[in-house]
Amino acid sequence: MAVIDALEELRECLNPEQFEAATHVDGPTLVLAGAGSGKTRVLVHRLAYLLHTGRAQPWEIFAVTFTNKAAQEMRTRVEALVGPAVRSCWIGTFHGLSARILRLEGERLGYTPNFTIYDAEDAKRLLKRVMQALEFDPASKLVTVAAVHHAIDRAKSRSIGGGKDIGAGQENRSDGLDDEGRKDPLAAAVRRILPRYQEALRQSNAMDFNDLLRLALELLTHHPEARERFSGRFRYIMVDEFQDTNRVQYDLLRALLVDHDNLMVVGDDDQSIYRWRGADVANILGFSRDYPTARVVKLEQNYRSSAHILAAANAVIRRNSRRHEKALWTEADDGRPIGVAIMERGQDEAEFVAQSVASAIAEGEQPADFAVLYRANAQSRLFEEAFRRHGVPYTLMGGTSFFERMEVKDILAYLRLAVNPRSSQDFERIVNTPSRGIGDKTLARLKAAAEPSGLQGALMLAMPDERLAGVGLSPSAIKKLRALHATLTTLASMAKSAPAVEVARAVIDRVDYIGHLEAYDPASADERIENVWELVHSIAEHEALTDATAANEALNARATTSEALTPLAAFLERASLTSAFDLDHTQAQGVALTTLHGAKGLEFPHVFMVGMEEGTFPSRRAVEGAPEDLEEERRLCYVGMTRAMRTLTLIGVRLRWVYGGEDLRWPSRFLGELPDHVVAPCSESPFEAPKGRRSPWVDLRDNNGSRPSVRRRTVERGGDRIEYDDLQEPQDTHEVGGSPILPSTGGMYRPGVRVFHNTLGVGTVESADGVGSKTYLTIRFAQEGLRRVAARFVRSAEESC
DNA sequence: GCCGAGCAACTTTTT
DNA sequence: GTTGCTCGGC
């Protein structure tokens, strides 16, 4: 009876494809969900359907979302449909769910349940220490902490086979002179560093972000008892944003699917924007190959955007070669044309947006209905300033998260140490904060004393006085260490039984942290102190909430997750895994300021995409990099455009301020990819390009405020006729003979252009090939004759004069 | 061991 | 422009 009711209800609120995706619950299912096609709706209703019809018990459901915020939203929406039972479902990010698995079963791998999660900053500090110990040259341009961190990150997110191939047993190739080492010193360095880094993490009872995934996979792969516990339990598995999963995450899913294949994945290959982080589109493109029986459902009706916006986004994404062909359609009206505006500099761009928003608000629009999307966080500042000037409320998303602030991290370090005394990074962070006279010398001696025993973190303080004196520590230094030891011991014992808020208060009291902040920098003290109390407040809030959840779980007999975590430890985990994007913005009433990445999954009636210039968006690295990098930028552009419901405005500037000076920029190629009939220049723009300035810039507006006076040309390629605005580059070849070349490749290298080469002297360009940094020019030099050289070594002759 | 001055590197995107 | 780091003087 209930089943039939549920089906009838679903039929009413879902379209036929959505209905199929929501109710086809057994066996593998791939949902290819175009932007704005209601995929969250499908996931929510599917979950509700499973619970409501009794096909699944709450604890049998494992649902993976991309962010904690998305998980929270899913919970809330499902709860509204089926009540509090959903609280016992496992819903979270891959990292969060993996951590949960490891808290329960990680002891099999040598970690205690109170292990600490190191974020990127912690990981880099630890790497730095390891590299110092291995005597790497700190001045090396190639083997930097950041480069090594990135390399390790990539290696770990690609790692298969349970991660066994990483970390141990590679010391024998540590001379850096093996075959590969000759070719790639960074790889050789990583081979030496990684085992030490991994060992240091293990000794600290700590994991970095990728370890969470890797070790969970290792547990499920190599420990059958652990595997049975989870694979036997989760009978329905769902994954959102599947296009952005990496190899390890995919393997993790497969490891859970031993007894059944009830896996539904939802995604859109056109919205894959995390390749740089190890995401592998192959997971979604090859799903039907891995699961030949998979039902494939395509959601192609867009419910979000006007027809013009959809047409523009489709035109852009169509230029990518590696994608599933789809046909997104809408029943919506054309709507307003896409606005395109070109400003002189960043300030003008921000002023234009702020003014436009301010006047719209004056006419009754809501600030929260607007969003400003940019490529990189650094672009946000000008917009913050402009909105403040205009009195427009805004919400800055991303950027430095609350939990990344110095004062917050200090307190968190004490708390993490109280929960896990072995954490070396936290110990080093607080050992002399606030100043207590324990400097580098004392710390080095302490470590020397601990060395043979392998003690880490606060445990080093537990050594007897004689041992400390034996490494040359003075009585006064030992006294200071003892005082610290007493503090940390007290905190550690409090952490076992006292409420989390009390532990936090004790930290602040015992080390006089407020006094420290006042002394540290009086100018910022007030704000920092406020943040500290905000932290205490959020711990209290969290504690109240977990009490409620625990009570709820106690009612739910089969909700077996009596987790081994105290509220304090649970809070610390949340702090580690919560990004700036996860904080609650649902109450936010201001204009959203966010990166394009951060806008994924959101929608706004009015969207401004700013920084539409070559080198900004697409980013310089993408322009100079491989064609795949550019395709990812284009997907990012597609994601941005499809956030818009009613109006979309694209803005670029001619002069972009980059640390140091102003850069002359070309309009983003994406502007040139918009179809004519959906674009209109923003005639209401109060800014005109300054008179008398000539530059390679082509203003997209003509004097009448109608369609930009852009010359067009047609290129024949592979039987296709492709039309380009003359100011654009064809995206996959680097042709000479028409369009200007991107400034970031060094200038305009048309045939006939005179250029200067440092060793070969002056010559004339004959032809060019390749893309970005791999552009090569064939040049006729006066002395040397015809030579082919890399474009990056060549300047235009005018420029060099 | 502490602190201030001067300098380099930084900017892609985040769990 | 900013932040984090090194170096030298106290």
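Values in this document were obtained by computation on a predicted structure and should not be read as measured data. To find a chain, count down the sequence lines: A is the first, B the second, and so on, and within it residues start at 1.
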Determine the Euclidean distance between corresponding P atoms of C:dG4 and B:dT13; express it in Å to zero decimal places. 15 Å

Can you identify which nucleotide, out of C:dG1, B:dT14, C:dT6, has its nearest atom closest to the A:Arg381 side chain? C:dG1

Answer yes or no: does a side-chain N or O of A:Thr442 lie under 4.0 Å from OP1 or OP2 of B:dG1? yes

Rounding to a whole Å, what distance do you find between A:Gln379:CD and C:dG1:C1'? 15 Å

Distance check needed: B:dT15 C1' versus A:Arg154 CZ, whole Å only. 14 Å

Report the relative orientation of the aromatic rings in A:Phe66 and A:Tyr274; use parallel for angles under 30°, tilted for 30 to 60°, perpendicular for over 60°. tilted

Should the pair A:Phe571 and A:His542 be assigned to parallel (<30°), tilted (30 to 60°) or perpendicular (>60°) ring geometry? perpendicular

Sugar-phosphate only, base, or nothing, as touched by A:Ala378 at under 4.0 Å among non-hydrogen atoms: base

Is any side-chain nitrogen or oxygen of A:Asn432 closer than 4.0 Å to OP1 or OP2 of B:dC2? yes

Tell me whether the centres of the aromatic rings in A:Phe383 and A:Phe608 are closer together than 6.0 Å. no

B:dT11 versus C:dT6 - spacing of their C1' atoms, nearest Å: 23 Å

Any A:Arg429 side-chain heavy atom under 4.5 Å of A:Glu121 side chain: yes

What's the closest nucleotide to the A:His597 side chain, out of B:dT11, B:dT15, B:dT14? B:dT14

For A:Asp440, report the nucleic acid contact type (base, sugar-phosphate, nothing); a contact means any heavy atom under 4.0 Å. sugar-phosphate

Value in whole Å for how far the P atom of B:dT13 lies from CE of A:Met397: 15 Å

Within this structure, what is the CH2-to-C1' distance between A:Trp657 and C:dG1, rounded to whole angstrom? 8 Å

Under 4.0 Å between a side-chain N or O of A:Ser435 and OP1 or OP2 of B:dG1? no

Applying a 4.0 Å non-hydrogen cut-off, can you work out what A:Tyr274 is touching in the nucleic acid: base, sugar-phosphate, or nothing? sugar-phosphate

Kindly indicate whether a cation-pi arrangement holds for A:Arg202 with A:Tyr111, taking the cut-offs as under 6.0 Å to the six-membered ring centre and within 45° of the axis. no

Of all the nucleotides listed (B:dT14, B:dT11, C:dG1), which has the minimum atom distance to the side chain of A:Trp276? B:dT14

Quick note, A:Lys441 side chain, CB onward, closest among B:dT15, B:dT13, B:dG1 is B:dG1

